[in-house]
Amino acid sequence: MKKDDHLFLVDGSGYIFRAYHALPPLTRKTDGLPVGAVSGFCNMVWKLLSEARDTSVGVTPTHLAVIFDHSSQTFRKDLYPEYKANRSAPPEDLVPQFGLIREATRAFNLPCIEMEGFEADDLIATYARQAEEAGAHTTIISSDKDLMQLVTDHVAMYDTMKDRRIEAAEVIEKWGVPPEKMIDLQSLTGDSTDNIPGVPGIGPKTAAQLLETFGDLDTLLQRAGEIKQNKRRENIIEFADQARLSRELVTLRTDAPVTDTPGDFLLEEQDGPRLIAFLKAMGFNTLTRRVAEATETDAAQIEPAEVAVEWGAAAHGPDLDAGDASDPSSATGIAGASDGWTPGDFAAARTKAAADVKIDHSGYACIRDAETLAAFIATARETGVVAFDTETTSLDAMQADLVGFSLAYQPQDAHSGASGPVKACYVPLSHKSGQDDLLGGGLAEGQIPIDAALSHLKDLLEDPSVLKIAQNLKYDWLIMKRYGIEVRGYDDTMLISYALDAGRGGQGMDALSDRWFGHKPIAYKEVAGSGKSAVTFDYVDIDKATAYAAEDADVTLRLWQVLKPRLAAEGVASVYERLERPMVPVLARMESRGIRVDRQILSRLSGDFAQGAAALEEEIQELAGEKFNIGSPKQLGEILFGKLGLPGGSKTKTGQWSTSAQVLEDLAAEGHELPRKIVDWRQLTKLKSTYTDALPDFINPETKRVHTSYALAATTTGRLSSSDPNLQNIPVRTAEGRKIRTAFVCEPGCKLVSADYSQIELRVLAHVADIDALKQAFADGMDIHAMTASEMFGVPVKDMPAEVRRRAKAINFGIIYGISAFGLANQLGIERSEASDYIKTYFQRFPGIKDYMDNTKAYAREHGYVETIFGRKAHYPDIATSNPHMRAFNERAAINAPIQGSAADIIRRAMVRMDAALEDAGLTARMLLQVHDELIFEVPEPEVDKTIGIVTDVMESASMPAVSMKVPLKVDARAADNWDEAH
DNA sequence: TAGAAAACGTA
DNA sequence: GTACGTTTTCTAG
């Protein structure tokens with residue numbers, strides 16, 4: 001470097017934290033990736049590079065480097081193991097940004113510097129010193145006081161947020177001492193955020209005054225006896241060694257063994273296309289435009305870069321390698337990791353520690369006044385992590401009223417008992433007094449007015465920098481949304497557990513508590529009663545409610561401590577971050593929108609079905625010769641196979657005659673009249689009771705729409721399930737059943753749009769098993785079942801008999817289900833031996849499928865689980881059982897899971913992106929329902945065509961960029977006035 | 001009154 | 001042959 005050179009050293013790590021807290025949260029439109037700090041960083045760097053002259057930084061750099069912390073394992077930890085031990089860890093939505101900011105640095109064509117064992121500050125000190133020795137000037141882009149000791153007449157600092165240059169005068173103004181005395185000052189004051197001890201009772205003002213009087217730290221410590229104030233004198237004498245240790249910790253190393261020199265950091269021309277590709281990938285439109293202008297690049301011609309995102313894994317960023325700080329729970333007091341631990345070690349330690357802290361209800365508090373609530377929330381906020389749970393009057397989130405809520409920021413330990421600090425609490429809001437039931441129950445005494453309590457709660461729940469933890473958050477999210485609160489910054493223990501342990505048992509709180517702590521929480525029944533004597537939660541005694549509700553928050557927090565570290569350790573962090581957690585608001589919105597159902601249509605159908613069933617009932621009893629309960633399989637079996645002596649097919653496992661549709665169809669085919677009528681009767685009564693009678697009761701009195709509830713963690717494979725009512729099994733196969741779909745309608749001026757994946761599971765199969773013939777067929781848009789038939793039976797596709805195609809279709813489905821000769825024979829009504837021959841032929845024709853199935857079985861047996869193409873695991877703990885029947889069942893399930901599960905993952909990805917994609921396109925279409933491979937939208941009529949385009953695009957590209965499918969995904973979409981016609 | 005079994009709707 | 005949820009009947013307590 002030369003005399004006139006000017007080196008800029010950007011404190012990258014410092015900037016990340018500052019930008020995160022100072023700037024409004026920002027997420028990438030396409031997938032919700034948090035990018036606020038990245039955006040701030042890019043804007044700041046661009047400003048430094050292009051507009052330096054116009055700002056108070058005052059100079060233009062000739063050399064520039066961005067410096068980062070490598071990890072917390074530095075030489076300072078050797079000096080003082082507690083160094084930074086209490087540091088609050090980065091918030092969840094900052095974690096992925098560490099890697100992105102390094103990417104940004106490279107995209108700007110700037111050196112990205114870090115070194116193991118040293119903090120960014122030491123590297124900055126080293127380079128600044130080297131530059132100074134060469135006679136050049138340095139500007140450190142930071143406002144961190146730890147760097148102020150470096151300020152000289154050749155080294156200044158620059159605060160980008162305040163646009164302010166920091167030189168010796170500014171240091172003196174702020175701290176009362178010149179830069180060269182900053183080390184001594186910090187040695188006395190210490191630093192609570194880095195856990196540097198200093199001398200108790202000495203703050204910056206006192207320290208500056210003492211240094212003014214005594215000159216420097218050594219002199220002060222020697223002559224401490226001269227200090228007049230008793231306490232101050234005693235402290236300085238007693239803690240002199242601590243001050244010297246602190247000095248070692250705060251003194252920056254200027255001799256870090258760096259391999260570059262400042263001269264290597266010569267600023268080069270921007271690589272416009274590369275930078276723009278990155279900015280586009282981040283979705284920074286304004287900056288993209290500016291950079292395009294400045295570099296004379298046509299941004300429209302540039303594809304967004306593929307940027308790898310470390311959503312939760314501990315690959316980058318300060319402290320993330322250490323494990324104990326990789327999530328904010330390090331602040332919760334459970335013993336953390338020591339040096340060199342792997343994430344797995346850490347997770348195991350957490351599990352062990354969790355079982356040791358016993359759950360004790362006596363420490364829970366019931367908070368009944370606003371001041372205490374505010375104080376509790378303030379404490380929780382400092383901790384940065386808080387478990388949250390609502391208590392309401394109903395399991396239906398769309399109808400439930402809030403009764404109270406509970407919070408926990410640490411496990412409530414047993415030792416402190418009732419007199420110790422409160423870490424978990426319940427806040428009753430609308431419990432009834434119970435005395436005046438006749439008057440509808442007055443509000444019980446001693447509850448915070450709900451508006452006041454919710455305003456405190458809102459501050460907490462909507463602050464993304466405080467991590468909220470809930471068990472099944474979607475429910476609480478919907479409740480809070482109805483009270484005008486939108487939860488931001490959250491984890492869901494149910495979903496974490498699901499990502500980790502799908503197939504290993506339930507993910508409900510009671511099951512998890514039992515599994516991890518051997519503890520059974522107070523049962524809901526115990527506080528609210530059951531059956532006829534059950535009451536809604538607002539009639540539960542507040543003391544009982546406190547124990548029950550606070551325990552739920554306490555247990556939820558403990559579960560999070562145990563489960564969260566496992567995500568990274570077991571490689572499913574991205575499954576949780578991308579496929580589970582973002583689904584919470586997506587599904588919550590779908591559920592709260594609901595779908596319009598025409599009560600009149602259902603009512604008319606109910607009448608029709610009732611008439612038809614009554615007529616059949618009469619005929620059936622006529623044929624049977626007596627009145628009996630047709631709905632009773634037991635009585636029916638006795639009539640058919642006992643009294644009438646029809647040839648009884650099979651029996652169920654309890655020894656009863658089977659009267660399944662299959663059996664009755666077979667009898668009907670033999671010419672018997674009665675079974676046919678029973679099948680028809682069953683169809684009508686089924687449609688009536690399950691659909692036309694039941695659905696109207698689900699119409700919400702307020703919204704006049706039907707709001708299903710989606711379960712995110714109910715299946716082993718990753719599919720959703722729907723209940724209350726189940727809208728994923730609305731009839732479609734028969735003409736009678738389809739009539740029910742005509743009752744699913746849209747608002748006037750709108751259309752229902754249904755978009756479904758064509759053959760998605762067979763496409764996934766072609767991809768995972770890598771079958772050339774299948775891939776080719778899909779690429780060519782061929783009829784896949786006809787193609788299969790043609791390959792297997794040598795029949796040309798043209799003018800193929802329907803029966804031949806039907807058999808091939810059954811085989812294709814069979815493959816997906818883990819085919820057995822027994823099952824295929826059943827399905828096709830052929831002999832087992834014939835089915836077996838079909839399978840043999842199929843495997844000869846498509847040997848890759850056989851390989852895939854064998855490999856999947858072997859993998860499942862070795863690992864106990866299988867994976868989807870996005871890394872979701874489905875566990876099969878019984879895969880190696882000695883019971884041949886059970887083992888075969890598990891093997892078929894294990895073969896099916898990657899196929900069904902990958903398809904489920906794909907539509908999840910589409911759903912996560914859908915709302916933003918529609919909004920970006922200026923559309924107001926609303927996604928209402930998901931039926932495994934189908935999405936249903938309500939769309940204003942003028943927007944229909946454009947919506948179909950966007951929806952199709954998002955769905956067909958849903959696997960990208962994570963997985964590039966070897967087979968195209970195809971989506972069919974159409975619009976109509978009801979679901980029957982749209983489908 | 002709670003839970004299992006049988007049946008049947010969907011992808 | 002895979003994955004679910006709901007209804008009705010029937011049994012055990």
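Only a predicted model underlies this, so the values are computations on that prediction, with no experimental measurement involved. Note on naming: letters A, B, ... go to the chains in the order of the sequence lines (proteins, then strands), and numbering restarts at 1 for each one.
Closest to the A:Y817 side chain, of the nucleotides B:dC8, B:dT1, B:dA11, is B:dA11. The A:N826 side chain lies nearest to C:dG1 when the options are B:dA2, B:dA11, C:dG1. When distances run from any side-chain atom of A:T654 to the nucleotides B:dA5, B:dA7, C:dG1, the shortest one goes to B:dA5.
Side-chain contact between A:N978 and A:F744 is absent, with no heavy atoms from C-beta onward closer than 4.5 Å. Considering only heavy atoms from C-beta on, A:E761 stays 4.5 Å or farther from A:H932 through its side chain. The closest side-chain heavy-atom distance from A:N883 to A:D878 is not below 4.5 Å. Using a 4.5 Å heavy-atom threshold, the side chains of A:R908 and A:R872 count as touching.
Following rounding to the nearest Å, A:L636 (CG) and B:dC8 (P) show an atom-to-atom distance of 10 Å. In this structure, the CZ atom of A:F822 is 11 Å from the P atom of C:dT2, given to the nearest Å. To the nearest angstrom, C1' of B:dA7 lies 11 Å from CH2 of A:W681. To the nearest angstrom, C1' of C:dG5 lies 16 Å from CG of A:L687. For the pair A:L712 CG and C:dA3 P, the computed distance is 19 Å after rounding to whole Å. The distance from atom CD1 of A:I811 to atom C1' of C:dT2 is 17 Å, rounded to the nearest whole Å. In this structure, A:H983 places its NE2 atom 10 Å from P of B:dT10, rounding to the nearest Å. Computed from coordinates, the A:N812 CG to C:dG1 P distance equals 18 Å when rounded to whole Å.
A:T652 has a side-chain polar atom (N or O) that falls below the 4.0 Å cut-off from OP1 or OP2 of B:dA6. Between A:R892 and the phosphate of C:dT2, there is a side-chain N or O to OP1/OP2 separation shorter than 4.0 Å. At the phosphate of B:dA7, OP1 or OP2 sits under 4.0 Å from a side-chain N or O atom of A:T659. When the side-chain nitrogen and oxygen atoms of A:T708 are compared with OP1 and OP2 of C:dG5, none of them lie within a distance under 4.0 Å. The shortest distance between the side-chain N/O atoms of A:R733 and the OP1/OP2 oxygens of B:dG9 is not below 4.0 Å.
Between A:K739 and A:E736 there is a salt bridge, with a side-chain nitrogen of the basic residue lying less than 4.0 Å from a carboxylate oxygen of the acidic one.
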Report summary line: The contact string for nucleotides 6-13 of chain C, one letter per nucleotide 5' to 3', using protein heavy atoms under 4.0 Å with B, S and - for base, sugar-phosphate only and none, comes out as SSSSSS--
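Among the atoms of the strands shown, base atoms are found under 4.0 Å from some heavy atom of A:A810. Nucleic acid contact class of A:A711 (heavy atoms, under 4.0 Å, all strands): none. Among the atoms of the strands shown, base atoms are found under 4.0 Å from some heavy atom of A:S820. Counting any heavy atom pair closer than 4.0 Å across all strands shown, A:F889 reaches sugar-phosphate atoms only and no base atom. Using a 4.0 Å heavy-atom distance criterion, A:G818 is classed as making no nucleic acid contact. Residue A:I819 is in base contact, counting any heavy-atom pair closer than 4.0 Å across all strands shown. Counting any heavy atom pair closer than 4.0 Å across all strands shown, A:I895 reaches no nucleic acid atom.
Side-chain polar atoms of A:S606 and A:D693 form a donor-acceptor pair below 3.5 angstrom.
For a distance-only test at 3.5 Å, the side chain of A:R682 fails to qualify as a donor-acceptor partner of the base of B:dA7.
Annotation: cation-pi geometry satisfied between A:K873 and A:Y865 (NZ/CZ under 6.0 angstrom from ring centroid, within 45° of ring axis).
Annotation: the span from A:M853 atom CE to A:I819 atom CD1 amounts to 6.5 Å, rounded to 0.5 Å.
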Report task. Take A:I906 and A:V963, measure what side-chain contact (heavy atoms from CB on, under 4.5 Å) needs, and give me the verdict at the end. Result -> CA-CA 10 Å; A:I906 288 170; A:V963 173; over 6 Å; no
